[in-house]
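Heads up: the structure comes next, in structure tokens.
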Amino acid sequence: QVQLVESGGGLVQAGDSLRLSCTSSGRTFSSNAMGWFRQAPGKEREFVATITWNGSSTRYQDSVKGRFTISRDNAKNTVYLQMNSLNPEDTDVYYCAVGRFQGILISQALYDVWGQGTQVTVSS
């Protein structure tokens, strides 16, 4: 069974950057789309970004377009989320997930393996 582990979160100031990583133990996810989601306390988890199985296409939530970049290295079984120009509204727990299919997947229902999450806190 695939297990995902996120890393790279932390406490930063507004305007700073962070790069999140998500690696898997167990089987490879190189044939699956991958996604990043985030959730604040008391709120529903929301879509942030997704990337197709081969990295040929990506999609972002409107609020992160131009600031966040999702990428993947299938040889390393790792997906990344580069986050630039962070602002306090980006403060959340960030989760990566393995998609059920290969293409662009936005709905959480299309993901079936989730990591434990990594906290990102942006101070003003």
Side-chain angles (χ1 to χ4, degrees):
Q1 183 174 348
V2 176
Q3 291 185 327
L4 302 178
V5 178
E6 300 97 336
S7 62
L11 172 62
V12 297
Q13 293 185 332
D16 286 350
S17 299
L18 281 175
R19 188 176 81 156
L20 305 183
S21 299
C22 172
T23 60
S24 73
S25 62
R27 69 172 175 85
T28 178
F29 55 65
S30 59
S31 298
N32 301 80
M34 296 294 295
W36 285 96
F37 294 78
R38 64 187 183 184
Q39 186 173 24
K43 295 186 177 181
E44 293 189 356
R45 189 160 52 190
E46 63 177 10
F47 166 77
V48 175
T50 183
I51 187 167
T52 55
W53 70 280
N54 60 357
S56 64
S57 185
T58 58
R59 188 78 56 84
Y60 299 92
Q61 181 198 105
D62 286 346
S63 68
V64 307
K65 283 181 181 177
R67 300 189 297 123
F68 290 12
T69 303
I70 187 172
S71 62
R72 66 190 298 163
D73 185 339
N74 285 343
K76 295 182 179 179
N77 233 21
T78 300
V79 63
Y80 304 97
L81 186 67
Q82 177 68 42
M83 306 186 295
N84 299 329
S85 302
L86 286 162
N87 59 61
E89 290 69 39
D90 296 316
T91 295
D92 278 314
V93 177
Y94 285 72
Y95 300 88
C96 69
V98 181
R100 296 180 183 177
F101 309 107
Q102 294 185 334
I104 292 294
L105 305 176
I106 296 176
S107 169
Q108 297 181 50
L110 297 175
Y111 292 82
D112 55 10
V113 181
W114 294 81
Q116 83 291 345
T118 185
Q119 176 71 48
V120 172
T121 303
V122 185
S123 64
S124 58

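Count residues from 1 along the sequence.
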- Item | Shortest non-hydrogen contact from Ala33 toward Tyr111 | O-CE2, 4.5 Å
- Point-to-point distance, once rounded to the nearest 0.5 Å, from CZ of Arg19 to OG of Ser71: 7.0 Å
- Query: Are Val64 and Val79 in one and the same hydrophobic cluster, where Ile, Leu, Val, Met, Phe, Trp and Tyr link if side-chain heavy atoms are under 4.5 Å apart?
  - Reply: yes
- Item | Residue pair Arg67, Asp90: steps toward the salt bridge (Lys or Arg N to Asp or Glu O under 4.0 Å) verdict | CA-CA 11 Å; Arg67 300 189 297 123; Asp90 296 316; 2.8 Å; yes
- Gap separating the CD atom of Glu6 from the CH2 atom of Trp36, nearest 0.5 angstrom: 5.5 Å
- Locate the shortest heavy-atom distance separating Gly9 from Val120; write the atom from each residue and the value. CA-CG2, 4.1 Å
- Can you tell if the side chain of Leu4 reaches within under 4.5 Å of the side chain of Phe29, non-hydrogen atoms only? yes
- Query: Do side-chain atoms of Asn74 reach the backbone of Trp53 as a donor and acceptor pair under 3.5 angstrom?
  - Reply: yes
- Note on the structure: Output for pair (Phe68 CZ, Leu20 CG), nearest 0.5 Å, gives 8.0 Å
- Of all heavy-atom pairs between Glu89 and Asp92, which one has the smallest distance, and what is that distance? O-OD2, 4.2 Å
- Message: Donor-acceptor check, side chain of Thr52 to backbone of Ser57, threshold 3.5 angstrom: yes or no?
- Response: yes
- Between Val5 and Gln116, what is the shortest heavy-atom contact and its length? CA-OE1, 3.7 Å
- Of all the heavy-atom pairs spanning Ser85 and Ser17, show the shortest one and how long it is. N-OG, 4.3 Å
- May I ask you to decide if the ring planes of Phe47 and Phe37 are parallel, tilted or perpendicular, using 30° and 60° as cut-offs? perpendicular
- Message: What's the separation between atom CZ in Arg45 and atom CZ in Arg38, rounded to the nearest 0.5 Å?
- Response: 13.5 Å
- Message: If I take atom CD1 from residue Ile51 and atom OG from residue Ser56, how far apart are they, to the nearest 0.5 angstrom?
- Response: 8.0 Å
- Query: Is a donor on one side and an acceptor on the other found under 3.5 Å between the side chain of Tyr60 and the backbone of Ile70?
  - Reply: yes
- Is the side chain of Asn32 donor-acceptor paired with the backbone N or O of Gly99 at a distance under 3.5 Å, no angle test? yes
- Task: Ignoring hydrogens and angles, tell me if any N or O in the side chain of Thr23 forms a donor-acceptor pair with the backbone of Thr78 under 3.5 Å.
- Result: no
- Task: Could you grab the distance from atom OH of Tyr94 to atom CG of Leu18, nearest 0.5 Å is fine?
- Result: 9.0 Å
- Query: Any donor and acceptor pair, going by atom type alone, linking the side chain of Thr69 with main-chain N or O of Gln82 inside 3.5 Å?
  - Reply: no
- In one Ile/Leu/Val/Met/Phe/Trp/Tyr side-chain cluster, 4.5 Å: Val93, Val113: no
- Task: Look at the side chain of Thr50 and the backbone N and O of Met34, then say whether any donor-acceptor pair between them is shorter than 3.5 Å.
- Result: yes
- Message: Quick check: closest heavy atoms across Ser123 and Pro88, and the distance to 0.1 Å?
- Response: C-CG, 4.4 Å
